[in-house]
Amino acid sequence: MTVLFLHNTLTRRREVFVPLDPRHVRVYVCGPTVYDLAHIGNARPAVVFDVLVRLLRRLYPRVTYVRNITDVDDKINARAAATGEPIAAITARTAADYHADIAALGVLPPDVEPRATQHIAEIITIIERLIASGHAYAAQGHVLFSVPSYPAYGQFSGRSPDELLAGARVDVAPYKRDAGDFVLWKPSPPDLPGWDSPWGRGRPGWHIECSAMSWKHLGESFDIHGGGADLIFPHHENEIAQSLSAFPGSRFARYWVHNEMLNVDGAKLSKSLGNFFTIRDVLAKAPAEAIRMALLRAHYRSVLDYSDAAVAASRADLDRFYRAVERTSPVEAEIPAAVLDALCDDLNTPAAFAAMHTLADRAMAGDAGASGGLLAAGKLLGLLGSAPEAWFRGGEDAGWIEAAIAERLAARKARDFARADAIRADLASKGVALEDGPAGTTWRRA
RNA sequence: GGUCCGGUGGCAGAGUGGUGAUGCAGCGGACUGCAAAUCCGCGAAUGUGGGUUCGAUUCCCGCCCGGACCUCCA
């Protein structure tokens with residue numbers, strides 16, 4: 001059995017992954033809040049955890065992957081108020097857009113995609129348990145989690161409650177007993193989404209949703225909880241406080257996996273800096289696989305600098321891989337050990353790519369097994385999913401290109417190289433690169 | 001201010017207590033009418049000052065630099 005190592009945020013070290021039940025691995029990842037198109041930064045966790053789940057499926061007989069959708073949130077409400085579009089329309093459309101965008105990036109759907117609004121009953125149940133056990137209290141239509149009731153609060157994210165207070169940036173609401181207490185339930189006026197509850201009509205706070213949805217679909221204890229590193233505090237700290245307080249004796253998530261942030265051209269995504277791109281924006285400019293590979297080019301726990309140059313480099317790598325597979329027809333092969341080992345070493349995708357380059361070298365030299373191994377590795381990573389023919393020459397009608405190649409061939413036979421080169425230059429200006437080989441001239445999209 | 005993470009060749013980016021992957025770029029060569037692709041070869045890096053050690057890029061401490069987080073941003 002291949003051993004999988006994962007860096008666990010809980011212990012801040014690399015650990016051997018041992019599932020609670022080796023016959024059934026359970027994973028929860030925080031999904032999007034659906035109020036606007038997903039940006040390229042949102043794509044990183046989607047792709048990273050897609051690779052992790054693909055790997056887990058390779059290693060274990062059964063994996064349940066839950067990735068939620070947050071469809072009740074003040075940002076959604078604000079968007080509706082600003083645009084006049086009904087909330088239900090915003091969330092439905094944005095969720096559909098999200099699905100389309102990440103599917104284009106080769107991200108497979110999760111097994112369960114729970115929505116917060118469909119788990120109000122579970123949310124209320126957990127809140128009631130927290131109140132009954134003294135971990136939460138109702139005040140002025142709100143229900144708040146009592147941070148002092150959970151002594152380990154702050155341990156996960158490495159903060160003490162005192163420093164959290166010192167760093168608090170918002171005014172403390174008068175109904176809070178302790179400045180650090182956070183909201184589990186808040187009252188909703190008639191014009192906002194709300195559900196009847198023991199505390200009046202209201203809506204859930206953000207953190208409680210994930211505690212409720214993971215509980216419903218994976219149980220009190222499960223294996224892996226993932227998300228972006230920016231969620232460590234407060235979101236995941238709060239989830240842990242809620243779930244462990246509501247279910248004493250449970251473990252909640254045993255391994256916490258966090259992807260680092262993504263910068264664009266060296267800076268954090270920001271609309272004012274002009275480096276804020278949606279997934280849709282970048283898909284319009286480059287092949288989806290090149291974008292996916294660019295997102296896996298750095299280790300998931302390192303800051304990734306996304307740029308056109310990174311996408312171009314990824315595309316060049318993919319060209320090389322596809323060329324190798326095209327040159328030497330692959331035979332059915334297992335995932336090469338070097339690639340599997342790299343991925344099992346805390347998802348070391350850069351090392352996996354290095355191993356794939358070695359396979360490509362061998363495939364270029366005629367090794368059909370290496371070619372098959374390269375393809376198998378690509379499949380595990382969600383890459384090399386096209387036929388080389390489609391990758392290099394897919395798309396529009398190529399008749400005019402073939403005609404130009406024929407004309408250039410005639411010119412070459414007549415040793416009219418000026419004419420031949422002019423034709424080649426013309427094709428190049430139209431994004432078509434020619435390659436003369438022993439078997440004739442081939443072309444590809446540059 | 002607090003907490004955390006990181007600083008590896010021109011660029012991207014792994015790894016390691018004992019000759020520092022991989023890719024791109026560069027240089028030389030083969031092939032080609034010339035290119036492209038492919039192949040062969042070459043040069044090129046561990047922020048800084050200490051400590052531990054036979055030996056440190058790796059472990060520890062200081063400094064400098066960069067980044068993230070600090071109550072609802074993946």
Side-chain angles (χ1 to χ4, degrees), chain A residues 9 12 29-33 38-49 70 73-75 145 147 154 157-160 162-170 172-173 176 179-183 186 204-209 226-235 237-238 258-263 266-270 294 297-299 301-305 307 309-310 312-314 316-317 319-320 323-324 326-327 338 342 345 348-358 360-361 364-365 411-412 415-418 420-421 424-425 428 433-438 441-444 446:
Chain A
T9 307
R12 297 184 189 272
V29 173
C30 291
T33 298
H39 60 249
I40 186 65
N42 295 310
R44 169 124 98 145
V47 169
V48 163
F49 290 107
T70 296
D73 181 272
D74 287 353
K75 283 197 290 285
F145 184 88
V147 167
S157 54
R159 292 150 215 265
S160 73
D162 290 346
E163 34 179 85
L164 294 176
L165 275 184
R169 294 189 298 199
V170 289
V172 178
K176 287 190 180 182
D181 294 350
F182 55 89
V183 69
K186 57 182 136 188
W206 178 37
H207 315 299
I208 195 69
E209 301 169 10
D230 55 335
L231 297 182
I232 292 172
F233 188 87
H235 187 51
E237 183 77 59
N238 292 358
H258 290 99
N259 64 276
E260 251 305 338
M261 301 293 94
L262 174 149
N263 288 161
K268 181 175 174 171
L269 276 77
S270 147
R297 222 172 162 67
H299 186 89
R301 287 191 295 107
S302 298
V303 174
L304 170 72
D305 191 26
S307 63
S314 298
D317 284 340
D319 280 346
R320 166 94 183 162
R323 202 170 273 135
E326 184 174 52
R327 177 165 299 192
D345 183 11
N348 192 336
T349 49
F353 290 140
M356 287 171 71
H357 273 107
T358 303
D361 291 345
M364 281 289 188
R412 290 177 72 204
R415 301 198 67 79
D416 181 358
F417 295 121
D421 290 350
R424 184 170 64 195
L434 298 187
E435 292 171 11
D436 297 327
T441 299
T442 58
W443 65 275
R444 63 185 165 83

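Below, chains carry the letters A, B, ... as their sequence lines are ordered, and counting in each starts from 1.
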Asks: Using the C1' atoms only, state how far B:rU22 lies from B:rG15, rounded to an integer number of Å.
Replies: 11 Å
Asks: Should B:rU19 form a Watson-Crick or G-U wobble pair with both distances under 3.5 Å, which nucleotide is its partner?
Replies: none
Asks: Name the pairing partner of B:rG9, where a pair is Watson-Crick or G-U wobble with both distances under 3.5 Å, or state none.
Replies: none
Asks: Using a 4.0 Å heavy-atom cut-off across all strands, classify A:A313 as base, sugar-phosphate, or nothing.
Replies: nothing
Asks: Counting only distance, no hydrogens or angles, is the base of B:rC34 paired donor-acceptor with the side chain of A:D436 under 3.5 Å?
Replies: yes
Asks: Select one nucleotide: of B:rU71, B:rC34, B:rA74, the one nearest the side-chain heavy atoms of A:P234.
Replies: B:rU71
Asks: Among the nucleotides B:rC39, B:rA68, B:rA36, which one has an atom lying closest to any side-chain atom of A:D361?
Replies: B:rC39
Asks: Which nucleotide, B:rC72, B:rG23, B:rA14, lies nearest any side-chain atom of A:H207?
Replies: B:rC72
Asks: Please report the interatomic distance NE2(A:H258) to CG(A:L231), rounded to the nearest 0.5 Å.
Replies: 6.5 Å
Asks: Kindly point out which of B:rA14, B:rU38, B:rC72 is positioned nearest to the side chain of A:R320?
Replies: B:rU38
Asks: With rounding to the closest Å, how many angstrom separate the P atoms on B:rC5 and B:rA45?
Replies: 30 Å
Asks: Return yes if the base of B:rG15 and the side-chain atoms of A:N348 contain a donor-acceptor N/O pair under 3.5 Å, otherwise no.
Replies: no
Asks: Could you check how far CG of A:D230 sits from P of B:rC70, rounded to whole Å?
Replies: 8 Å
Asks: For the side chain of A:F233, counting heavy atoms from C-beta on, which of B:rC70, B:rA37, B:rC34 is nearest?
Replies: B:rC70
Asks: Work out how far the P atom of B:rA12 is from that of B:rG67, and round it to whole angstrom.
Replies: 15 Å
Asks: Which nucleotide, in any strand shown, forms a Watson-Crick or G-U wobble pair with B:rG26, with both distances under 3.5 Å?
Replies: B:rC42
Asks: Say you pick atom P in B:rA30 and the same atom in B:rC34; how far apart are they, in whole Å?
Replies: 11 Å
